[in-house]
**Q** 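Below: one structure in structure tokens.
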Amino acid sequence: MAAASQNISKFVQWGRKVVCVGRNYRDHCAELGNAVPTKPMLFMKPASSYLEEDSGPIVVPLGCKDLHHEVELGLVIGSQCKDIKEEDVMSSIAGYALTLDLTARDFQEEAKKKGHPWEMAKCFDTALPVSRFLSKEDISDPQNISLWCKVNGEITQNGNTSDMVFNIPHLVSYISRYFTLQPGDLVLTGTPAGVGPIKEGDIISAGLGDKITMKFNVQHRS
Ligand SMILES: O=C(O)/C=C/C(=O)CC(=O)C(=O)O
Ligand SMILES: [Mg+2]
């Protein structure tokens, strides 16, 4: 006989979703040969892909031959957002983080050709290096701040959040029509041009204006 069922909410944690926006900078759409979308393009990463600075290296996923960095502004959600109006979005944001949306580009290309989902390319362990938390007061204008990435000291990405196709209020409002955002969820807002390969032995550094920098080593999976 089946055991008496219990409410699943006792066993799983609600929240800490990572919702990612793709193709949100025209120059990045152009470099990968993609059309600029007419509405936000969304995918997710699991919380298990987080990698905090000083907690270990980026680990290249098994079989990946073309791992790419994508520097992105992260929005830390502070209060529940469901069907939130654009004008209310900024008051629902608790703060920010600098992030890397690491992407196994070879896995992604294969998935795109077959019409398959992107999880293998985007969701592996260490696929989301993330900085320390920045409070709202730390960034006066999140829609006009530079973000850069360097590989072994050479600049590869140098963009500004003012170039987003869809701005922060629109993104969060749009997402909240489909997924309820909870305190502690993170929204990645897309990457500017200059994405490129990283490999074992590389040192990846990234920065958000003059507010924060972060650095990670890359290691092959043993
Ligand atoms: O469509 C592609 O080839 C690749 C898209 C991405 O990886 C999208 C992003 O993650 C982004 O634009 O930040
Ligand atoms: Mg991205």
Side-chain angles (χ1 to χ4, degrees), residues 17-51 58 60-61 64-77 96-131 142-143 145-151 156-168 170-172 174-175 178-179 181 185-198 204-208 214 216 218:
K17 289 182 297 304
V18 182
V19 183
C20 307
V21 179
R23 305 181 185 171
N24 199 29
Y25 288 79
R26 286 182 179 76
D27 55 0
H28 173 57
C29 292
E31 72 180 346
L32 292 189
N34 292 314
V36 176
T38 53
K39 55 189 178 185
M41 199 205 74
L42 306 179
F43 58 93
M44 295 225 194
K45 281 184 187 261
S48 54
S49 64
Y50 274 113
L51 176 68
I58 292 166
V60 180
C64 174
K65 301 271 187 296
D66 193 22
L67 181 60
H68 276 201
H69 60 76
E70 296 187 357
V71 70
E72 309 200 4
L73 172 69
L75 314 174
V76 181
I77 301 299
Y96 305 95
L98 177 62
T99 68
L100 289 169
D101 169 20
L102 294 184
T103 305
R105 199 67 76 195
D106 46 353
F107 293 0
Q108 189 184 42
E109 283 307 314
E110 188 184 339
K112 281 166 66 181
K113 279 192 199 119
K114 293 178 176 166
H116 288 176
W118 289 1
E119 275 83 352
M120 289 297 287
K122 295 280 193 180
C123 300
F124 54 90
D125 292 351
T126 78
L128 180 42
V130 63
S131 72
Q143 205 66 75
I145 190 161
S146 63
L147 67 175
W148 56 263
C149 183
K150 290 181 184 175
V151 178
T156 50
Q157 291 186 271
N158 193 7
N160 192 292
T161 59
S162 60
D163 292 325
M164 286 181 192
V165 176
F166 301 106
N167 66 20
I168 293 168
H170 185 76
L171 290 175
V172 173
Y174 181 88
I175 292 167
Y178 298 94
F179 320 126
L181 291 167
D185 286 352
L186 184 70
V187 175
L188 268 57
T189 55
T191 197
V195 301
I198 58 175
I204 316 306
S205 51
L208 187 62
M214 62 181 187
F216 295 87
V218 185

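Both counts, for ligands and for their atoms, begin at 1 and track the order of listing. By convention here, the first residue in the shown sequence is residue 1.
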**Q** Any salt bridge linking K113 with E110? Criterion: basic side-chain nitrogen under 4.0 Å from a carboxylate oxygen.
**A** no
**Q** Any idea which protein heavy atom is nearest atom 9 (C) of ligand 1, and the distance to it?
**A** E70 OE1, 3.3 Å
**Q** Considering distance alone, does some N or O of T103 sit under 3.5 Å from an N or O of ligand 1?
**A** no
**Q** Under 3.5 Å between some N or O of ligand 1 and some N or O of W118?
**A** no
**Q** Is H68 in contact with ligand 1, taking contact as a heavy-atom separation below 4.0 Å?
**A** no
**Q** Mind checking whether R105 has a heavy atom under 4.0 Å from ligand 1?
**A** yes
**Q** For atom 12 (O) of ligand 1, what is the nearest protein heavy atom, given as residue, atom name and distance?
**A** R23 N, 2.7 Å
**Q** Under 4.0 Å from any heavy atom of N34, which atoms of ligand 1 are there?
**A** 1 (O), 2 (C), 3 (O)
**Q** Report yes or no: does a heavy atom of Y25 sit under 4.0 Å from some atom of ligand 1?
**A** no
**Q** Within rounding of 10°, what is the angle whose vertex is the Mg ion (ligand 2) and whose arms end at OE1 of E70 and OD2 of D101?
**A** 90°
**Q** Atom 8 (C) of ligand 1: which protein heavy atom is closest, and how many Å away?
**A** G22 CA, 3.7 Å
**Q** Do other residues, nucleotides or ligands put more than 12 heavy atoms under 6.0 Å from the CE atom of M120?
**A** no
**Q** State the atoms of ligand 1, each with its element, that fall below the 4.0 Å cut-off from a heavy-atom position in L32.
**A** 2 (C), 3 (O), 4 (C)
**Q** Counting N and O atoms only, with roles assigned by atom type, does the side chain of D27 sit under 3.5 Å from a partner on the main chain of A193, one being a donor and the other an acceptor?
**A** yes
**Q** Do H28 and ligand 1 have an N or O pair less than 3.5 Å apart?
**A** yes
**Q** Any heavy atom of V195 closer to ligand 1 than 4.0 angstrom?
**A** no
**Q** For L100 and A206, which heavy atoms make the closest approach, and how far apart are they?
**A** CD2-CB, 4.5 Å
**Q** In this structure, are over 12 heavy atoms from other groups packed under 6.0 Å from K65 atom NZ?
**A** no
**Q** Should you measure from each heavy atom of G190, which atoms of ligand 1 turn up under 4.0 Å away?
**A** 13 (O)
**Q** Has the side chain of Q143 got a donor or acceptor atom that lies under 3.5 Å from a matching backbone atom of T161?
**A** yes
**Q** Can you tell me how far the CG atom of L32 sits from the OG1 atom of T103, to the nearest 0.5 Å?
**A** 9.0 Å
**Q** If I take atom OG1 from residue T191 and atom CZ from residue R23, how far apart are they, to the nearest 0.5 angstrom?
**A** 13.5 Å
**Q** Look only at interatomic distance and state if T191 has a nitrogen or oxygen under 3.5 Å from any nitrogen or oxygen of ligand 1.
**A** yes
**Q** For atom 6 (C) of ligand 1, grab the closest protein heavy atom and report residue, atom and distance to one decimal in Å.
**A** Q108 NE2, 3.6 Å
**Q** Measure the distances from the heavy atoms of C20 to every atom of ligand 1 and state whether one is below 4.0 angstrom.
**A** no
**Q** Whether the side chain of Q157 engages the backbone of L147 through a donor-acceptor N/O pair (distance < 3.5 Å, no angle test) should be reported.
**A** no
**Q** Going by the atom numbers of ligand 1, which of them fall below 4.0 Å from some non-hydrogen atom of E72?
**A** 13 (O)
**Q** Counting only N and O atoms by type, is there a donor-acceptor contact under 3.5 Å from the side chain of S131 to the main-chain atoms of M214?
**A** no
**Q** So which heavy atom in the protein is nearest atom 3 (O) of ligand 1, and how far is it from that ligand atom?
**A** K112 NZ, 2.4 Å
**Q** In the protein, what heavy atom is nearest to atom 7 (O) of ligand 1, and what distance, to one decimal place, separates them?
**A** K122 NZ, 2.9 Å
**Q** Treating K45 as the side-chain partner and K122 as the backbone partner, does any N or O pair qualify as donor plus acceptor under 3.5 Å?
**A** yes
**Q** Check E72 and report its N/O/S atom nearest to the Mg ion (ligand 2), by atom name.
**A** OE2
**Q** For ligand 1, does L188 get within less than 4.0 Å through its side chain, its backbone, both, or neither, judged by non-hydrogen atoms?
**A** neither
**Q** Using a strict cut-off of 4.0 Å, indicate which atoms of ligand 1 neighbour a heavy atom of F43.
**A** 10 (O)
**Q** Verify, without hydrogens or angle tests, whether D163 (side chain) and Y25 (backbone) share a donor-acceptor contact under 3.5 angstrom.
**A** no
**Q** Could you check whether any side-chain N or O of T156 sits under 3.5 Å from a backbone N or O of C149, counting only pairs where one atom can act as donor and the other as acceptor?
**A** yes
**Q** Compare every heavy atom of P192 with every heavy atom of V71, then report the nearest pair and how far apart it is.
**A** O-CD, 3.5 Å
